[in-house]
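Counting starts at 1 for both ligands and their atoms, following the listed order. We count residues from 1, following the sequence as given. All values reported here derive from a predicted model rather than from experimental measurement.
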Amino acid sequence: MNPNDEPSRSDSRTGHPWRKGPFNIFGIGVDAEWRSNLKWSRLQGKIAPLENRLVLDVGCGNGYYMFRMLGEGARFVLGIDPSLLFLAQFHAILKYAPRLPVALLPLRSDEFSVVQMRERGVEFDSVFSMGVLYHRRDPEQHLLELAQALCQGGELILETLVVINSDEFFILHPEGPYAKMPNIDLIPSQRILNGWLVESGFGDIQVIDISKTTVDEQRSTEWMTFESLTDFLNPGNPEQTIEGFPAPIRTIVKAKKL
Ligand SMILES: C[S@@+](CC[C@H](N)C(=O)[O-])C[C@H]1O[C@@H](n2cnc3c(N)ncnc32)[C@H](O)[C@@H]1O
């Protein structure tokens with residue numbers, strides 16, 4: 001391509017769909033489906049400072065948050081996520097900053113051997129799990145995996161869907177899709193979620209944010225042209241999903257490994 005040419009639309013959207021962002025790569029703005037900076041701003045300053053910490057990001061997607069963690073001074077950030085597309089997006093960005101202390105392994109959390117890490121003397125100071133728990137059939141098993149990866153006194157930052165219901169001990173179990181997502185098994189109330197955390201070996205549990213997902217934060221863009229939140233909500237009542245369930249509300253919780 002002639003360097004003076006404007007990139008064509010298809011050139012500029014290489015790697016589609018970009019779910020998490022935004023990124024700015026030498027003037028090319030990648031306007032991803034999720035404005036992930038909004039989630040980051042909801043937890044920034046409310047968690048243990050990441051300065052010099054060893055961090056694990058489970059379900060890291062394309063690594064957007066890993067770059068933000070490095071920006072907060074983390075010593076090293078390891079991400080795990082089974083999506084090969086997100087791995088390719090991560091490397092497309094890392095190519096321009098190859099010396100950053102960050103790596104992404106294409107694994108699911110149940111394939112990632114914490115035992116082997118431990119044998120090599122590796123325990124994480126902070127572990128993030130954002131947007132993963134509701135995809136797991138056995139959420140308490142996921143919380144146990146996160147606890148095993150942490151050093152004693154280390155911090156878990158958990159972001160997930162919750163239901164707000166007059167029954168504090170409510171669990172939503174969609175039999176079919178939830179907001180058109182086929183793989184959502186259980187969405188607990190905050191009280192149930194806190195109970196799962198206690199059962200999994202966490203204490204000092206603090207809810208640092210509860211927010212409703214808005215179409216300002218999750219929407220279709222040139223870099224993610226498939227359906228997005230507007231298509232997942234009831235057009236007559238945005239308080240409900242298209243299937244009639246409560247619309248997505250997300251909590252961010254921090255907890256210490258006891
Ligand atoms: C909804 S996205 C969340 C991405 C990012 N953490 C965020 O908060 O925006 C869920 C991610 O978790 C990954 N994932 C799903 N199950 C996983 C598992 N068992 N272990 C690790 N990652 C998983 C998916 O590939 C996907 O990238």
Ignoring angles and geometry beyond distance, decide whether Lys39 reaches within less than 3.5 Å of ligand 1 through its nitrogen or oxygen atoms. yes
Any salt bridge linking Arg191 with Asp167? Criterion: basic side-chain nitrogen under 4.0 Å from a carboxylate oxygen. no
Side chain, backbone, both or neither: which applies to Arg19 and ligand 1 if a contact is any heavy-atom pair less than 4.0 Å apart? neither
Number the atoms of ligand 1 from 1 as they appear, then name those within less than 4.0 Å of a heavy atom of Tyr65, with their elements. 7 (C), 8 (O), 9 (O)
What do you reckon, does Met130 have a nitrogen or oxygen under 3.5 Å from a nitrogen or oxygen of ligand 1? yes
What are the atoms of ligand 1, with element, lying closer than 4.0 Å to any heavy atom of Phe86? 27 (O)
Kindly indicate, with the supporting measurements, whether the criterion side-chain hydrogen bond (donor to acceptor under 3.5 Å, both in side chains) is fulfilled by Asp216 and Thr214. CA-CA 5 Å; Asp216 188 41; Thr214 68; 4.9 Å; no
Derivation and outcome, ring-ring contact (aromatic ring centres under 6.0 Å, His included), residues Phe90 and Phe67: CA-CA 10 Å; Phe90 170 76; Phe67 294 112; 5.8 Å; yes
Could you tell me how the ring of Phe124 sits relative to the ring of Phe112: parallel (under 30°), tilted (30 to 60°) or perpendicular (over 60°)? tilted
So is Tyr134 polar-close to ligand 1, meaning N/O to N/O under 3.5 Å? no
For Arg136, atoms of ligand 1 separated by under 4.0 Å from a heavy atom: 19 (N)
Closest non-hydrogen protein atom to atom 14 (N) of ligand 1, residue and atom name please, with distance? Pro82 CD, 3.9 Å
Regarding atom 5 (C) of ligand 1: of the candidates Gly61, Ala32, Gly59, which has the closest heavy atom? Gly59
Is a side-chain donor-acceptor pair under 3.5 Å present for Thr213 with Gln218? no
Tell me which protein heavy atom sits closest to atom 15 (C) of ligand 1, plus the residue, atom name and distance to 0.1 Å. Val132 CG1, 4.5 Å
Which segment of Trp34 sits under 4.0 Å of ligand 1 when only heavy atoms are counted: neither
Classify the contact between Trp40 and ligand 1 as side chain, backbone, both or neither, using a heavy-atom distance cut-off of under 4.0 Å. neither
Would the number of heavy atoms belonging to other residues, nucleotides or ligands and lying under 6.0 Å from CD of Glu111 be above 12? yes
Among all protein heavy atoms, pick out the one at the shortest distance from atom 10 (C) of ligand 1; state its residue, atom name and that distance to 0.1 Å. Gly131 O, 3.3 Å
Should Tyr65 and Phe128 be marked as a ring-ring contact (aromatic ring centres under 6.0 Å, His included) after you check the CA-CA gap, both sets of side-chain angles, and the distance that decides it? CA-CA 10 Å; Tyr65 294 108; Phe128 288 76; 8.1 Å; no
When distances are taken from atom 11 (C) of ligand 1, the protein heavy atom at minimum range is Asp81 OD2, 3.6 Å
Going by the order shown, which atoms of ligand 1 are within less than 4.0 Å of some heavy atom of Ser109? 18 (C), 19 (N), 20 (N), 21 (C)
Under 3.5 Å, is there a donor-acceptor pair between the Ser109 and Arg136 side chains? yes
Student check: side-chain heavy atoms of Trp18 and Met224 closer than 4.5 Å: no
Could you see if Val102 belongs to whatever hydrophobic cluster contains Val58? Use Ile, Leu, Val, Met, Phe, Trp, Tyr and a side-chain cutoff under 4.5 Å. no
